[in-house]
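Read the structure below first, then the notes.
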Amino acid sequence: MKNTKQFLLVPALLLCAAAAQAQTAGTWLLRAGATKITPNVTSDDLTAPSLAGTKASIGSSSRLSGGITYMVDNNLAIDVPVAVPFQHDISGDGAILGAGKIGDVKALPATVMAQWRFLEPNAPVRPYIGAGITYAAFYGAKSTSTLTALTGGTPANPTTLSVDSKWAATLQLGASFQLKDGWFIDASYTVTPLRTRTTLSSGQTLDTTLNPSSFSLSIGMRF
Amino acid sequence: MKQWKWAVVATSCAIVLAGCGGASDGSDTTPKTVAPSVKVFGDSIMDSGTFGYKFTIQSADASKPFLIFPEVVAANFGVSNLCAFFRFNGTTFVPNTSCTSFAVGGGRVNNLTNTSAPSNAVPFSIPYQMSVGAATLSASDLVIVDGGGNDLADLTGAYLGATTPAGIATYMNLLGTLLPPATVSAIIGSTPTATSMGTAAGAYAQAVGQTLAAAVKTNIVAKGVNKVVVVNSPDITVTPRFMAVLSAVAAAGGTAQRDAVQAAVRAWTAAFNGALAQGLAGTNVQLYDLNTEGGKISATPAQFALTNITTPACPKVAGGLDSTTGQASLSQPATVVACNSASMSANIPVGETAADWWTRYAYSDNFHPTPALHKLIGQSINLQLAKAGWL
């Protein structure tokens with residue numbers, strides 16, 4: 001425990017030591033807020049045996065989030081968003097539209113972004129664009145009794161599901177609004193072209209294009 | 001000011017750490033609706049063991065019996081142990097009051113056409129099954145009913161046999177068990193024709209549908225049962241037994257006659273199903289259209305992971321054959337013994353390569369679904385009930 005505390009303090013001290021007056025080279029930006037991830041789903045059909053056109057939709061999820069940004073120079077930044085794990089509901093679609101929720105899955109996207117921040121380091125508003133790489137980790141998938149019923153399973157032999165984790169690119173648009181005393185508000189919108197496969201314990205698979213977009217709003221402090 | 005900064009750092013760290021929690025995949029095994037009891041009324045495709053076995057492939061592992069479709073549905077309402085209320089001891093039916101599946105192989109809506117037991121006061125009569133089961137119904141039970149398949153088979157057999165004066169008399173007697181004889185005579189006319197006899201059959205099928213609907217309303221809906229599923233009649237002309245009959249018709253009278261017979265039986269089935277639907281309109285009954293949903297499976301078997309929808313999977317054994325078609329029949333004890341998952345896996349038929357070949361067949365014997373087809377029907381019913389908010 002003591003070691004853990006020390007481990008946590010080291011980067012924090014580094015952050016404080018780097019305090020600066022604007023988003024100049026060497027500045028650290030720390031933020032906290034919320035993110036909403038909205039998958040833009042295009043579902044293929046569940047493989048046989050199934051009704052033709054058996055599809056799934058995946059719902060959005062909002063969670064506490066934040067991030068750390070390091071200004072490499074006055075315009076180039078490295079950004080690492082962080083968040084509480086998201087949880088997305090999976091519902092029937094296509095031939096099984098109206099059957100309701102068939103499961104949910106936790107998602108933890110780990111992303112590293114390179115950002116280009118426009119305008120001067122002390123500009124009141126700094127729009128930015130970013131590009132990076134995301135590892136979308138899907139875990140803790142939990143099927144409902146409805147999925148079991150729809151796939152011919154029973155409570156004694158339930159149908160479970162798992163979702164493949166995937167690497168994907170992420171593109172970003174955002175802006176940082178300067179407040180007083182080093183505080184700022186950050187808003188960003190990202191898109192991640194992502195396609196993954198859900199596998200049922202029956203051996204059936206369902207490929208879906210998720211292409212999630214996310215919107216984050218945070219308040220932060222520069223160091 | 002500095003304290004604020006520390007708070008921000010600490011919050012960020014907490015968020016990062018929170019993200020490290022893990023969880024494994026799993027399932028919620030509690031049904032959305034738990035029924036205290038599931039009561040089943042119908043015929044062989046819903047019989048959970050009246051005669052000591054189910055009319056499908058027998059599981060070699062007695063601890064893991066294959067499920068027929070009402071059992072698939074019942075399990076998802078939290079009832080995993082359906083068993084036959086009526087037990088045939090070789091001579092008579094003995095009630096087992098701890099069981100709630102009243103369906104009996106050979107069950108008919110109008111059992112007066114059952115030549116071996118022509119009475120509507122025996123367990124072969126589906127309305128009789130309902131009148132017995134109605135005594136213990138509660139409003140929160142799930143009730144599943146099917147019927148009509150054997151009535152339509154009897155009707156078709158008598159129709160095909162009506163080629164002689166005696167056959168016509170037998171046919172008119174059958175129709176007269178449900179329709180007023182004067183009505184039958186009026187429809188058929190003084191000189192019976194295939195067309196007039198077919199028209200009379202349509203009227204009979206309609207009356208069978210009305211009879212089943214009336215029995216459901218009287219014995220079940222009127223008892224205040226909230227969750228009732230009625231399964232209509234599938235297209236029996238695509239069963240191996242009927243296809244063999246149709247082949248014989250084609251051999252004797254040509255393909256046009258075969259097609260005419262098939263179209264007629266389909267029209268009678270539609271008359272039955274239409275009358276059933278009309279009779280149940282306005283009630284809270286979930287009418288499951290097995291005719292349409294089964295048709296999807298027949299039309300696109302690969303979509304449902306079936307490779308053979310025409311050949312009975314049960315082996316042909318001495319003493320186990322249908323006397324009319326020469327196909328394996330689960331009405332014969334010899335076939336019940338032979339139609340066993342272990343022996344079938346050990347004896348892979350020509351044209352198949354894997355031991356689990358029988359899991360991709362639609363029919364076990366010449367009339368009854370395999371466990372695979374039962375599962376497909378069960379999950380299809382479950383889908384309708386999920387859309388209704390029950391599952």
Side-chain angles (χ1 to χ4, degrees), chain A residues 8-9 11-12 15-16 19 30-32 47-52 64-68 82-85 92 95-100 103 105-106 108 110 139-163 181-183 201 219-221 223, chain B residues 1-2 4-6 8-33 64 67 69 71-78 80 293 296-297 300 302-306 372 374-389 391:
Chain A
L8 292 175
L9 285 173
L15 295 181
C16 294
L30 206 59
R31 66 182 188 277
T47 57
S50 63
L51 268 180
L64 291 175
S65 65
I68 300 169
V82 295
V84 172
I96 61 167
L97 179 66
V105 64
K106 292 186 172 64
L108 188 61
Y139 64 99
K142 189 172 186 188
S143 62
T144 64
S145 57
T146 302
L147 179 68
T148 296
L150 297 187
T151 49
T154 64
N157 182 28
T159 305
T160 58
L161 53 86
S162 65
V163 182
D181 300 326
W183 289 90
S201 55
I219 185 164
M221 166 69 68
F223 297 91
Chain B
M1 185 64 214
K2 211 163 187 176
W4 274 105
K5 292 180 179 180
W6 282 114
V8 173
V9 171
T11 303
S12 301
C13 291
I15 290 171
V16 172
L17 291 174
C20 299
S24 56
D25 299 337
S27 178
D28 184 349
T29 55
T30 305
K32 188 170 180 180
T33 304
K64 291 181 182 172
L67 301 182
F69 74 82
E71 295 170 337
V72 173
V73 176
N76 284 286
F77 281 86
S80 60
E293 299 303 322
K296 292 177 184 173
I297 298 173
T300 56
Q303 177 72 40
F304 298 91
L306 297 175
H374 270 295
K375 183 175 173 180
L376 289 170
I377 296 169
Q379 68 193 53
S380 177
I381 294 173
N382 287 345
L383 171 60
Q384 180 171 330
L385 302 187
K387 288 180 176 178
L391 284 175

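First the proteins, then the strands, lettered A, B, ... as listed; each starts at 1.
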*Quick one: does B/Asn382's side chain have a donor or acceptor within less than 3.5 Å of a partner on A/Leu150's backbone?*
no

*Name all residues meeting the salt bridge (Lys or Arg N to Asp or Glu O under 4.0 Å) criterion together with B/Lys296; count only those two or more places apart in sequence or in a different chain, and write none if there are none.*
B/Glu293

*Specify the closest pair of heavy atoms between A/Ala48 and B/Ala305, including all atoms of both residues, with the distance to one decimal.*
CB-N, 3.9 Å

*Mark yes or no for whether A/Thr154, through its side chain, and A/Asn157, through its backbone, hold a donor-acceptor pair below 3.5 Å.*
yes

*Would you mind checking which part of B/Leu67 comes under 4.5 Å of any heavy atom in chain A, side chain (CB onward), backbone (N, CA, C, O), both or neither?*
side chain

_A/Leu147 versus chain B, the contacting section by heavy-atom distance below 4.5 Å_ = neither

*Pairing residues for B/Ser27 by the side chain to side chain donor-acceptor pair (under 3.5 Å) criterion, not counting sequence neighbours*: A/Ser143

*Report yes if some heavy atom in the side chain of A/Met221 is under 4.5 Å from a heavy atom in the side chain of A/Phe223; otherwise report no.*
yes

_Residue part contacting chain A, namely of B/Thr30, when any heavy atom lies under 4.5 Å_ = backbone

*Should B/Thr29 and A/Thr148 count as side-chain neighbours, where that means a heavy-atom distance under 4.5 Å?*
no

_B/Ala372, part contacting chain A, at a heavy-atom distance under 4.5 Å_ = neither

*CG of B/Asp25 to OH of A/Tyr139: how many Å apart, nearest 0.5 Å?*
11.5 Å

*By a 4.5 Å heavy-atom criterion (distance strictly below it), what part of A/Ala149 contacts chain B: side chain, backbone, both, or neither?*
both

*Please list, in residue-number order, every residue in residues 374-381 of chain B that has a heavy atom less than 4.5 Å from any heavy atom of chain A; write 'none' if there are none.*
B/Lys375, B/Leu376, B/Gln379

*Which atoms of A/Ala95 come close to chain B, meaning under 4.5 Å heavy atom to heavy atom: side chain ones, backbone ones, both, or neither?*
backbone

*chain B interface, residue from A/Ser50, A/Pro158, A/Gly98 that has the most non-hydrogen pairs under 4.5 Å*: A/Ser50

*Which residues satisfy the side chain to side chain donor-acceptor pair (under 3.5 Å) test with A/Thr159, sequence neighbours excluded?*
A/Thr151

